[in-house]
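Please read the structure below before turning to the comments.
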Amino acid sequence: MNIDIGNALDAVAQPGVSEDSLRRLDDRVAAAHDRIERGIADEEFGYAALSLPETTDPDAIHDAVAPLADSEYVLTVGIGGSALGAATVADALGVGERAPVLDNVDPQSLQTTVESLPLSETAVHVVSRSGTTAETLGNFLVVREAMADAGVDWTDRTIVTTGESGPLHALADEHALPTLSVPEGVPGRFSVLSPVGLIPAAILGCDIEAVLAGGHAGRTALAPSIFDCPAYAYGAVAVALERRGAHVNAFVPYAERLEYFAEWFAQLWAESLGKDGMGQTPVRALGATDQHSQLQLYRAGRHDKLITLVRPRDRSQLTIPDTEIEELAYLGDTGVGELIDAEFEATEASLAAASQPNVRVEIDRLDAASLGELLYGMEAACILAGELLDVETFTQPAVEWGKRAARGLLGDIDAPETDAITEKERLVVAPDRSQ
Ligand SMILES: O=P(O)(O)OC[C@H]1O[C@](O)(CO)[C@@H](O)[C@@H]1O
């Protein structure tokens with residue numbers, strides 16, 4: 001993974017960062033790096049995520065999934081960090097269509113998903129770090145009943161990843177389901193390089209060792225300076241720009257197979273850095289598609305964004321055939337990869353020409369090793385940003401209020417938050433149907 005921050009400098013962008021302030025910021029990056037290394041060495045909560053390339057045991061994953069190796073599909077039942085990592089890895093490695101994700105509680109899509117899958121050839125991976133998440137457990141209870149109704153023994157086709165205790169762990173124990181642990185000290189959104197993110201890819205025959213090796217390359221690339229460490233360069237520049245008004249991070253991968261990666265990044269960035277009244281709002285977009293929907297805003301709208309452009313350098317070859325239409329001659333014999341890269345570079349230049357700060361993130365090609373390095377790099381960038389912003393990067397206390405309110409509404413607990421639902425201020429505007 002390498003990073004080009006040239007278009008974030010104040011010589012080009014507004015807001016922009018001067019090279020002097022980057023050099024001054026580098027002292028803080030060196031101190032933050034020491035802090036991170038100490039956290040890794042002491043296996044501290046959160047920092048332990050940066051040891052996963054070394055601590056995750058791919059053999060244990062292969063052993064656990066061996067009975068499911070005949071699966072045509074792997075259905076992940078999880079939400080947030082318990083789904084987005086697995087979806088990102090499967091998507092990026094080209095098995096996304098065989099690795100659907102149930103990460104919402106929408107009755108229609110749940111029904112459609114369950115009805116569309118050959119349940120006897122489907123493995124179900126239920127993932128929840130807490131083991132209590134209502135959406136995940138609710139979805140799973142529906143899926144297992146559908147399997148039973150279809151005459152499929154769900155205990156033969158289910159594998160669980162969860163914490164050391166909780167209802168999901170109890171259920172797995174009761175039915176002797178194969179169970180792997182969410183690694184100790186690793187928050188969900190930082191757990192992609194563990195069984196949480198790797199099980200579907202392993203069942204579908206992907207090279208998870210190469211993903212971990214890429215993560216390891218990311219580990220060895222950590223260095224106490226933004227001028228030597230791409231991950232820290234990204235994190236530091238994002239923070240510096242946020243401080244100068246770039247409160248939005250439009251994250252734009254130029255590869256369809258990285259669409260879930262943008263969603264994964266959005267959780268990582270929002271849930272880790274959205275604290276104490278700060279935090280860049282991640283916006284997922286896709287290149288070149290969203291050039292035709294969002295770029296007008298990115299170029300001519302407020303100067304309140306960092307635009308992150310991501311691409312694999314090497315792409316598969318597919319050539320646009322020649323055409324008899326003269327105006328389209330320029331497309332003939334052009335690679336589709338050439339076309340999307342021209343769009344990438346033109347968009348990058350168009351943002352610079354409009355003084356809109358943007359950063360280029362590149363990987364060699366979209367393969368297991370580069371993916372592992374990219375995921376690790378973004379996690380390290382996020383942790384570095386958290387150090388510079390001095391926020392509690394690894395928790396997400398603000399999400400608990402809503403969970404209590406919902407459980408109160410469903411009669412599970414007696415929660416004061418639930419009152420706010422019934423006492424909501426109302427000013428409803430509805431069309432007058434009497435006319
Ligand atoms: O893995 P769990 O405990 O089911 O949580 C799922 C997701 O929900 C959150 O706790 C937010 O509600 C995320 O941090 C987490 O990734």
Side-chain angles (χ1 to χ4, degrees), residues 45-49 52 56 75-90 101-106 110 124-144 158-172 177 179-200 260-275 279 281-282 284 375 378-379 382-383 385-386 391-410 412-413 415 417:
F45 180 73
Y47 301 97
L52 286 178
T56 295
L75 178 63
T76 294
V77 184
I79 201 162
S82 289
L84 293 171
T88 297
V89 173
V101 172
L102 273 179
D103 65 346
N104 198 356
V105 272
D106 178 308
L110 173 53
V124 177
H125 181 212
V126 195
V127 194
S128 177
R129 186 172 187 280
S130 61
T132 61
T133 302
E135 296 91 337
T136 299
L137 280 297
N139 278 339
F140 177 58
L141 295 176
V142 171
V143 170
R144 78 167 189 177
T158 300
I159 182 166
V160 172
T161 302
T162 191
E164 296 313 311
S165 60
L168 180 55
H169 200 278
L171 187 148
L177 303 176
T179 303
L180 286 160
S181 299
V182 173
E184 193 64 37
V186 176
R189 59 185 173 278
F190 288 92
S191 65
V192 60
L193 298 177
S194 81
V196 173
L198 299 175
I199 281 183
Y260 254 119
F261 171 61
E263 294 220 17
W264 171 85
F265 176 85
Q267 182 198 11
L268 184 75
W269 217 245
E271 225 173 51
S272 303
L273 307 176
K275 310 220 162 108
T281 304
R284 306 104 128 174
L375 293 166
M378 284 300 152
E379 290 179 345
C382 183
I383 294 173
V391 295
E392 184 34 70
T393 305
F394 302 116
T395 57
Q396 58 291 327
V399 302
E400 298 310 321
W401 197 105
K403 292 183 185 178
R404 286 193 299 274
R407 286 175 61 192
L409 211 54
L410 295 168
D412 177 38
I413 56 173
E417 292 85 352

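Counting starts at 1 for both ligands and their atoms, following the listed order. Atom set for the values below is all heavy atoms of this structure, side chains included, hydrogens, waters and symmetry mates excluded.
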Atoms in ligand 1 flagged as close to [X], the criterion being non-hydrogen separation under 4.0 Å:
| X | answer |
| --- | --- |
| Val399 | 11 (C), 12 (O) |
| Ser130 | 2 (P), 3 (O), 4 (O) |
| Gln396 | 14 (O) |
| Ser82 | 1 (O), 2 (P) |

Side chains of Ser181 and Glu164: donor-acceptor distance under 3.5 Å anywhere?
->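 The criterion, which ignores hydrogens and geometry beyond distance, is satisfied for Glu164 and Ser181.
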Do you know the tightest heavy-atom contact between [X] and [Y]?
| X | Y | value |
| --- | --- | --- |
| Val186 | Ala48 | CG2-C, 4.1 Å |
| Gly188 | Arg129 | N-CD, 3.7 Å |
| Ser194 | Ser191 | OG-O, 2.6 Å |
| Val182 | Gly163 | CG2-N, 4.3 Å |
| His125 | Val127 | CE1-CG2, 3.2 Å |

Would you check whether Glu400 reaches within less than 4.0 Å of ligand 1, judged by its heavy atoms?
->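 No, that is not the case, since the closest heavy atom of the residue is not under 4.0 Å from the ligand.
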Using the salt bridge (Lys or Arg N to Asp or Glu O under 4.0 Å) rule, collect all pairs that involve residues 135-144, keeping only residues at least two apart or in two chains.
->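 Those involving residues 135-144 do not exist here.
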Residue portion contacting ligand 1 (non-hydrogen atoms closer than 4.0 Å) for Ile79 |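 Both the backbone and the side chain of Ile79 come within reach of ligand 1.
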So which bit of Arg129 gets within less than 4.0 Å of ligand 1, heavy atoms only: side chain, backbone, both or neither?
->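 Arg129 to ligand 1: contacts from backbone and side chain alike.
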Tell me: protein heavy atom nearest [atom], and distance?
| atom | value |
| --- | --- |
| atom 10 (O) of ligand 1 | Lys403 NZ, 3.2 Å |
| atom 14 (O) of ligand 1 | Glu271 OE1, 2.7 Å |
| atom 16 (O) of ligand 1 | Gly81 N, 2.8 Å |
| atom 5 (O) of ligand 1 | Thr133 OG1, 3.6 Å |

Is the shortest N/O to N/O distance between Thr136 and ligand 1 below 3.5 Å?
->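 Between Thr136 and ligand 1, no N or O pair is found under 3.5 Å apart.
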Yes or no on side-chain contact (heavy atoms from CB on, under 4.5 Å) for Glu271 and Val399, after CA distance, side-chain angles and deciding distance?
-> CA-CA 9 Å; Glu271 225 173 51; Val399 302; 4.3 Å; yes
